[in-house]
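Take a look at the structure below.
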Amino acid sequence: MPELSHRRRMLVLAICCMSLLIVSLDNTVLNVALPSMQRDLHAGTSGLQWTIDAYTLVLASLLMLAGSTADRIGRKRVFMAGLVVFTIGSVLCSLAPNLEALVAFRMVQAVGGSMLNPVAMSIITNTFTDPRERARAIGVWGAVVGISMAAGPLVGGLLVDSVGWRSIFWINLPVGLAALLLTLRCVPESRAPRARRPDPVGQVLVIVLFGSLTYAIIEAPSTPFRSVAPLAVVALAALAGLLVHEPRRKEPLIDLRFFRSAPFSGATVIAISAFAALGGFLFLSTLYLQNVRGLSALEAGLWMLPMAVPTFLCAPLSGRLVGTRGPRLPLLIAGFAMTTSGILFAAFETETSNVTLFAGYVLFGVGFGFVNAPITNTAVSGMPRAQAGVAAAVASASRQLGQTLGVAVVGAVLASGVGSSSYREAFVSAARPGWWILVVCGFAVLALEAVTSGRWARGTAERAAERLERAEVRPTVGTS
């Protein structure tokens with residue numbers, strides 16, 4: 001891709017951030033609308049979980065395919081296709097007649113979303129070649145998540161209370177169309193120097209692994225063990241199949257050599273942990289504020305501002321810290337803040353007091369604001385630029401997988417604890433194990449910081465990058 005002027009690079013960054021905005025806004029708006037959907041569509045806890053996880057599950061399953069496809073046929077082309085499919089999926093969601101149709105149309109949305117975030121990150125990585133400038137750009141990218149978290153609950157609350165939950169999908173239309181037109185006009189085409197072949201077997205194994213694992217977790221509280229156990233076996237078999245199949249391919253869907261880099265592996269696990277905490281946190285908070293406290297959607301959205309505003313403010317600061325001092329300090333702050341927030345809820349029933357609830361939300365917002373930039377920068381900075389799309393897709397898939405598992409596990413724990421009782425009577429005690437799960441996720445971010453920094457970790461990243469670069473220049477005859 002040719003070198004662009006500073007102004008053009010900023011415009012490309014803005015367009016890529018628009019795609020992240022509609023995807024992130026969709027998730028935050030949807031969380032506020034869950035209780036309204038529950039009443040209108042007569043959904044139980046598992047139904048609410050599926051409205052979220054159907055989207056994130058498909059997203060996690062297809063992100064790596066989208067990243068490698070964009071590297072192969074052109075990032076601009078795939079990015080534009082994603083905007084079209086996502087916008088159409090949003091229209092279908094607004095017209096869904098029942099829960100089953102809504103879940104299906106959310107999956108259509110996810111097919112489009114899978115072509116947006118990893119491809120946009122790959123475009124950013126190839127546009128901003130200077131490491132410090134790239135870190136700042138990634139910080140801005142992370143701040144968009146904060147914008148969506150701040151605007152989503154408020155916009156969603158206003159729409160749900162005034163028009164109804166179906167209107168939350170309408171806001172994707174103008175942003176999606178504007179991003180599509182600007183991409184067509186302003187974003188240059190780019191692709192990897194050498195095309196990578198598809199890996200259909202690997203793709204099927206990923207879908208089977210993620211799908212069977214998520215289904216088993218969500219349905220476990222209401223399904224006999226003998227019905228869930230085979231799904232766990234299927235998930236293990238799919239994982240084993242990936243570990244055997246992928247190393248044998250010259251151009252695998254998931255290049256396991258990436259994981260020889262300790263920073264890349266650490267960033268992947270941190271992404272899963274942090275976004276599992278986010279998914280569980282939003283799920284519990286939304287149900288508590290509206291179903292237990294009896295707040296309206298708008299009031300619940302206002303209560304989420306103490307979490308959203310710190311995320312918005314801390315994300316660009318985290319990007320600057322990563323660019324000047326590396327990922328260690330942001331990850332330490334993120335892990336400490338998220339762990340402390342979880343402990344407040346799990347051990348001290350923070351949600352029962354306005355003051356402590358506010359403090360818990362602020363701490364979680366600070367932690368999540370600091371965690372995103374070091375994850376992304378660490379995941380892509382040590383990889384060859386030719387494979388930026390695949391590396392960014394693995395990092396993005398880790399985020400979505402984490403959010404999927406967070407909603408699935410925490411929701412299953414909540415459903416088991418509530419049982420046939422009402423949320424108002426049983427929520428605080430039923431949610432406590434879920435909050436402890438979020439404590440574990442926060443502590444994992446804190447503990448894994450050591451894996452992503454330090455001389456030893458940088459050495460493994462350099463050796464992994466050298467092996468990947470040597471493999472890229474080696475002639476490829478075919479695949480097994």
Side-chain angles (χ1 to χ4, degrees), residues 1-23 62-86 111-142 144 176 178-199 251-255 258 264 376-397 465 468-469 471-473 476:
M1 188 169 69
E3 188 70 24
L4 304 178
S5 66
H6 177 75
R7 183 177 179 180
R8 185 78 175 274
R9 291 198 300 273
M10 292 299 104
L11 182 58
V12 171
L13 176 61
I15 295 169
C16 290
C17 286
M18 290 175 71
S19 72
L20 177 63
L21 178 64
I22 58 175
V23 173
L62 298 182
L63 281 171
M64 289 171 285
L65 174 64
S68 60
T69 301
D71 281 349
R72 182 172 64 252
I73 69 174
R75 296 170 182 126
K76 177 179 179 178
R77 182 180 302 176
V78 172
F79 187 70
M80 291 178 64
L83 287 169
V84 172
V85 175
F86 186 87
V111 173
S114 69
M115 305 180 205
L116 297 180
N117 287 3
V119 180
M121 179 52 61
S122 181
I123 292 172
I124 291 173
T125 303
N126 283 269
T127 300
F128 295 88
T129 55
D130 178 73
R132 292 193 176 187
E133 190 178 30
R134 181 175 58 203
R136 295 190 198 100
I138 292 174
V140 174
W141 167 270
V144 174
L180 180 64
L181 294 175
L182 288 171
T183 302
L184 181 64
R185 181 179 178 85
C186 303
V187 175
E189 184 61 280
S190 65
R191 55 175 57 87
R194 185 173 64 84
R196 295 171 60 85
R197 296 184 180 183
D199 179 11
E251 296 172 319
L253 176 70
I254 307 173
D255 198 330
F258 286 174
F264 184 86
T376 304
N377 188 73
T378 303
V380 303
S381 61
M383 297 296 113
R385 287 180 61 193
Q387 297 198 39
V390 182
V394 173
S396 296
L468 288 166
E469 287 174 349
E472 284 296 313
V473 300
T476 300

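Side-chain atoms are counted along with the backbone in the values below, which use heavy atoms only and exclude waters and symmetry mates. Just so it is clear, the model here is predicted, and its values are computed rather than measured.
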Could you walk me through whether Leu83 and Ile22 pass side chain to side chain contact (heavy atoms under 4.5 Å, CB included), step by step?
-> CA-CA 10 Å; Leu83 287 169; Ile22 58 175; 4.2 Å; yes
Between Met18 and Ala178 the two heavy atoms that sit nearest each other are CE-CB, 3.8 Å
Val85 meets the side chain to side chain contact (heavy atoms under 4.5 Å, CB included) criterion, sequence neighbours left out, with Val108, Val111
Out of Val187, Thr183, Leu13, Ile15, which residue meets the side chain to side chain contact (heavy atoms under 4.5 Å, CB included) rule with Ile123?
-> Val187
Is a side-chain donor-acceptor pair under 3.5 Å present for Arg9 with Thr127?
-> no
Can you see which heavy atom on Cys186 is nearest to which on Leu11, and at what distance?
-> SG-CD2, 3.5 Å
Mind listing the closest non-hydrogen atom pair of Pro188 and Val12 along with its distance?
-> CD-CG2, 4.2 Å
Sequence neighbours left out, what passes side chain to side chain contact (heavy atoms under 4.5 Å, CB included) with Leu21? Give chain and number order.
-> Val144, Ile147, Ser148
Heavy atoms of Ala66 and Val78 approach each other most closely as O-CG1, 4.3 Å
Looking at residues at least two apart in the chain, or sitting in another chain, which of them share a side chain to side chain contact (heavy atoms under 4.5 Å, CB included) with Ala120?
-> Cys16, Ser19, Phe79, Trp141
Here the gap from Ile73 atom CD1 to Glu189 atom CD, rounded to the nearest 0.5 Å, amounts to 8.5 Å
Looking only at heavy atoms, what is the nearest atom pair of Lys76 and Leu184, with distance?
-> NZ-O, 3.1 Å
Which residues pass the side chain to side chain contact (heavy atoms under 4.5 Å, CB included) test with Leu181, sequence neighbours left out?
-> none
Which distance, rounded to the nearest 0.5 Å, do you find between the CZ of Arg136 and the CZ of Phe128?
-> 10.5 Å
